[in-house]
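Report on one structure; see the data block that follows.
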There are 2 protein chains.
Amino acid sequence: MKNLTDRQKEILNLIKSFIGDYGFPPTRAEISKELGFKSANAAEQHLRAIEKKGFIKILSGASRGIVLSKEEEKGIPVIGLVAAGGPILAQENIEKRIPDSQSLLSESVDYYLRVKGDSMVDVGIFEEDLIGVKKTNDIKVGSVVVARINDEVTVKTLKKFSSEEVILKAENENYSDIKVNPSVDELNFEGTCVGLLRNLS
Amino acid sequence: MKNLTDRQKEILNLIKSFIGDYGFPPTRAEISKELGFKSANAAEQHLRAIEKKGFIKILSGASRGIVLSKEEEKGIPVIGLVAAGGPILAQENIEKRIPDSQSLLSESVDYYLRVKGDSMVDVGIFEEDLIGVKKTNDIKVGSVVVARINDEVTVKTLKKFSSEEVILKAENENYSDIKVNPSVDELNFEGTCVGLLRNLS
DNA sequence: TAACATACTGTATATAATTACAGTAATTTA
DNA sequence: TAAATTACTGTAATTATATACAGTATGTTA
């Protein structure tokens with residue numbers, strides 16, 4: 001999918017915020033008015049360009065027939081198993097997308113990660129739970145983090161963080177702490193856990 | 001807010017599902033076609049009636065200018081403390097509403113209930129977690145239920161369910177089972193727990 | 001029992017909206 | 001450097017849409 005120009009991004013954002021405000025997409029005239037175009041055709045042509053790049057679909061004949069593409073619906077990706085060797089958010093890792101409900105979790109979530117194993121049961125994180133992860137470099141001791149050690153992704157509590165040693169704690173007495181020497185092992189923090197979703201029944 | 005007639009409900013549901021499918025509301029003609037009206041005016045008049053009852057707002061002049069009212073935006077209520085003596089979904093109990101993200105939890109949630117106490121920690125339900133509750137009479141032994149015993153609301157696992165005795169199990173070894181005789185105590189099941197949300201950080 | 005609400009058909013019209021065609025001009029890509 | 005893309009103005013036609021007015025019929029409320 002090609003990149004949008006700044007102007008095109010501006011128009012796409014306008015469409016999204018219009019939908020957020022009114023519940024339906026704007027007309028060409030409304031877009032033009034908002035951005036100061038004197039001709040509705042300016043909007044029309046921008047829309048065609050944005051459609052060509054795959055960000056929207058225009059339903060011909062229908063008034064306000066602008067449909068945001070799947071990717072653009074801002075669904076938050078759910079990551080199942082993480083394939084080795086690639087970024088965690090690679091397309092192949094995305095199981096599905098779930099709607100972005102800002103007010104659901106207080107901090108913004110970049111993706112959900114499906115929990116494997118029972119190493120965090122003592123803090124109520126169970127297998128198959130979805131943890132909401134925020135990508136951040138602001139990693140704090142005591143918080144639950146998503147770390148990648150030698151290309152393996154793991155969820156643990158950060159217990160110690162120094163240049164010589166990083167300790168990741170499993171919240172389950174049957175597991176022992178993971179001690180990592182950052183100068184020897186490849187260690188990356190993928191983010192902090194800011195929330196949890198569980199499907200029961 | 002007055003109640004809608006069956007036909008009006010049908011039309012409101014059509015509008016919601018149309019928005020779900022296309023991302024914008026239907027026209028009068030589209031509503032009429034879907035429901036088999038031969039005149040677009042039938043839809044128009046239904047819309048006016050539904051607006052009068054407060055479920056939608058019609059923006060005059062705007063095509064597809066149907067806006068769902070706040071209440072109708074299907075925000076799911078979050079219940080904090082339940083005031084004694086009233087229905088659990090009474091206005092005074094509603095802390096806030098969070099957007100309905102169907103695909104978030106697989107079963108539909110009628111409301112979220114903020115968990116008080118630590119009686120369910122062994123199944124990973126912690127204090128302040130929000131459990132997604134589905135109102136249902138189809139209560140099953142083994143599932144986590146929201147029960148009301150003599151006007152007190154509690155979340156427990158249903159262990160036994162017969163006409164002589166109902167046993168509600170706390171999932172925490174420090175708590176003992178609650179045994180209720182339905183013919184003596186007032187026992188109501190408010191619903192089944194179908195999911196869980198937790199805010200960390 | 002008169003007034004009102006519900007649930008439509010049918011016709012008509014103003015206006016809202018899409019969209020094609022003809023240009024201009026600057027910038028980017030091949 | 002020719003061709004394509006971006007970023008618009010301006011005009012106009014067709015179609016999409018909202019919406020008023022005139023009816024018919026049935027059920028409900030005051």
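Computed from a predicted model, the values in this text were never measured in an experiment.
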For Ala42(B), which contact category applies under a 4.0 Å heavy-atom criterion: base, sugar-phosphate, or nothing? base

NA contact type, Ser39(A), heavy-atom cut-off 4.0 Å: base, sugar-phosphate, or nothing? base

Is any side-chain N or O of Arg28(B) closer than 4.0 Å to OP1 or OP2 of dA18(D)? yes

Ser183(A) meets the side chain to side chain donor-acceptor pair (under 3.5 Å) criterion, sequence neighbours left out, with Asn181(A)

Using 4.0 Å as the upper bound for N to carboxylate O, is an ion pair formed by Glu30(B) and Lys33(B)? no

Assert: residue with more 5' nearest nucleotide on DNA chain D, out of Thr5(A) and Ala29(B), is Thr5(A)

Under 3.5 Å, which protein N or O atoms sit close to an N or O of nucleotides 23-28 of chain D? Give each pair with its distance.
none

The side chain of Ala40(B) is closest to which nucleotide in this list: dT17(D), dT19(D), dT19(C)? dT19(D)

Which of these nucleotides, dT19(C), dG10(D), dT18(C), is closest to any side-chain atom of Arg48(A)? dT19(C)

Less than 6.0 angstrom separating the ring centers of Phe24(A) and Tyr22(B), yes or no? no

Do Arg198(B) and Phe126(B) form a cation-pi contact, if we require the NZ or CZ to be under 6.0 Å from the six-membered ring centre and within 45 degrees of the ring's axis? yes

Using five base pairs at each end, measure the axis-to-axis angle across the helix from dT1(C)-dA30(D) to dA30(C)-dT1(D) and round it to 10 degrees. 40°

Which of the following nucleotides, dT19(D), dT17(D), dT19(C), is nearest to the side chain of Arg64(B)? dT17(D)

Which nucleotide in dA7(D), dT19(C), dA17(C) has an atom nearest any side-chain atom of Ser63(A): dA17(C)

Using a strict threshold of under 4.0 Å (side-chain N to carboxylate O), is an ion pair present between Glu127(B) and Lys116(B)? no

